[in-house]
Amino acid sequence: MEIPPYWACVRFEGKDRKGRSQIFAASGWSFASLQAAKDDAAARAKRIFDRFTTGQTLNSYDYSDQPIREEIIQEVFAGDAHIATVTRNRYGALVLNCRNVLFVDVDFPPVKGGGFLDSFLLGFSRKRREERLQAVIGDTVRGVEAWGRENPAHSFRLYRTKEGLRLLFTDREYEPNAAETDAILAGLKADPLYVKLTRKQE
């Protein structure tokens, strides 16, 4: 799991090709030390400056391409083996990060109208939107239940989240980058960003 304990933000200031002063800041991280995190941040800020001053495109920030930046609250060990890390996310909630425990996030699909008139009525009827949302929720839950019946070797607990469902697999441990895990995520139609994070963060 890529959850660095050391983070730093460093600014780089330099002159562009027209002699104007430009300042860029970047965050860096390290698993070794705060100084290493500062060095990483300085190098990133310099790269951003170089790209800007040479007219290259600045890529937008994508958190799935970054390590998890959360406060580490607790490291969990079984003997000498590190098995989990508890972090605090930006909302203040405690998050359990486990390499070998399979969680799957399934988002509810957006509520959409079935044509112009239905879309128009959805925009003005709270009751209609709520009924349609409940139908979407029911369809999503039934889809997960059907997957469970088709895959009886697996067992899981099913939880409701703000935007969908979360499955916690209880039958055994899983490898995050295994083909079997990919197949489970695909079969359950897991949130694509969550799938990307699972692979990236292991």
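For the single chain, residues carry numbers from 1 onward in sequence order.
- Rounding to the nearest 0.5 Å gives a distance of 11.5 Å between OG1 of T54 and CG of D16.
- Between the side chains of S30 and D40, no donor N or O sits under 3.5 Å from an acceptor N or O.
- With sequence neighbours left out, N89 forms a side-chain hydrogen bond (donor to acceptor under 3.5 Å, both in side chains) with no residue at all.
- Side-chain contact check for H82 versus V76: every heavy-atom pair is 4.5 Å or farther apart.
- The distance from the CD1 atom of I83 to the CG atom of L96 is 9.0 Å, given to the nearest 0.5 Å.
- Ring pair F24/F12: centre-to-centre distance not below 6.0 Å.
- Not one N or O on the side chain of T87 forms a donor-acceptor pair closer than 3.5 Å with the backbone of I72.
- Taking R172 as the reference, E180 meet the salt bridge (charged side-chain N to carboxylate O under 4.0 Å, His left out) condition, with sequence neighbours excluded.
- A continuous path of ILVMFWY side-chain contacts below 4.5 Å connects F108 to F156, so both sit in one hydrophobic cluster.
- Atom-to-atom distance recorded for L102:CG and T198:OG1 is 8.0 Å, nearest 0.5 angstrom.
- For the residue pair R44 and S27, no side-chain donor N or O sits within less than 3.5 Å of a side-chain acceptor on the partner.
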Practice item. Could you go through the side-chain contact (heavy atoms from CB on, under 4.5 Å) check for R199 and D182 one step at a time? Key: CA-CA 9 Å; R199 291 171 180 158; D182 287 343; 3.4 Å; yes

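- For the residue pair E13 and S21, a side-chain donor N or O sits within less than 3.5 Å of a side-chain acceptor on the partner.
- Other residues, nucleotides and ligands contribute over 12 non-hydrogen atoms within 6.0 Å of the CZ atom of R160.
- Taking the six-membered ring for Trp and thresholds of 30 and 60 degrees, F169 and W147 have ring planes more than 60 degrees apart, a perpendicular arrangement.
- Under the salt bridge (charged side-chain N to carboxylate O under 4.0 Å, His left out) criterion, D107 pairs with no residue, sequence neighbours left out.
- Counting only N and O atoms by type, the side chains of N177 and Y174 include no donor and acceptor under 3.5 Å apart.
- Under 4.0 Å is where a charged nitrogen must lie from a carboxylate oxygen, and between R142 and D139 at least one such pair does.
- Between E70 and R88, no side-chain nitrogen of the basic residue sits less than 4.0 Å from a carboxylate oxygen of the acidic one, so the salt-bridge criterion is not met.
- Side-chain heavy atoms closer than 4.5 Å link hydrophobic residues (I, L, V, M, F, W, Y) into clusters, and following such links, possibly through other members, connects L158 to I137.
- Grouping the Ile, Leu, Val, Met, Phe, Trp and Tyr side chains by contacts below 4.5 angstrom, directly or via other members, places L165 with V195.
- With values rounded to the nearest 0.5 angstrom, T140 atom OG1 is found 11.0 Å from E145 atom CD.
- Interatomic distance, N97 CG to E75 CD, rounded to the nearest 0.5 Å: 9.5 Å.
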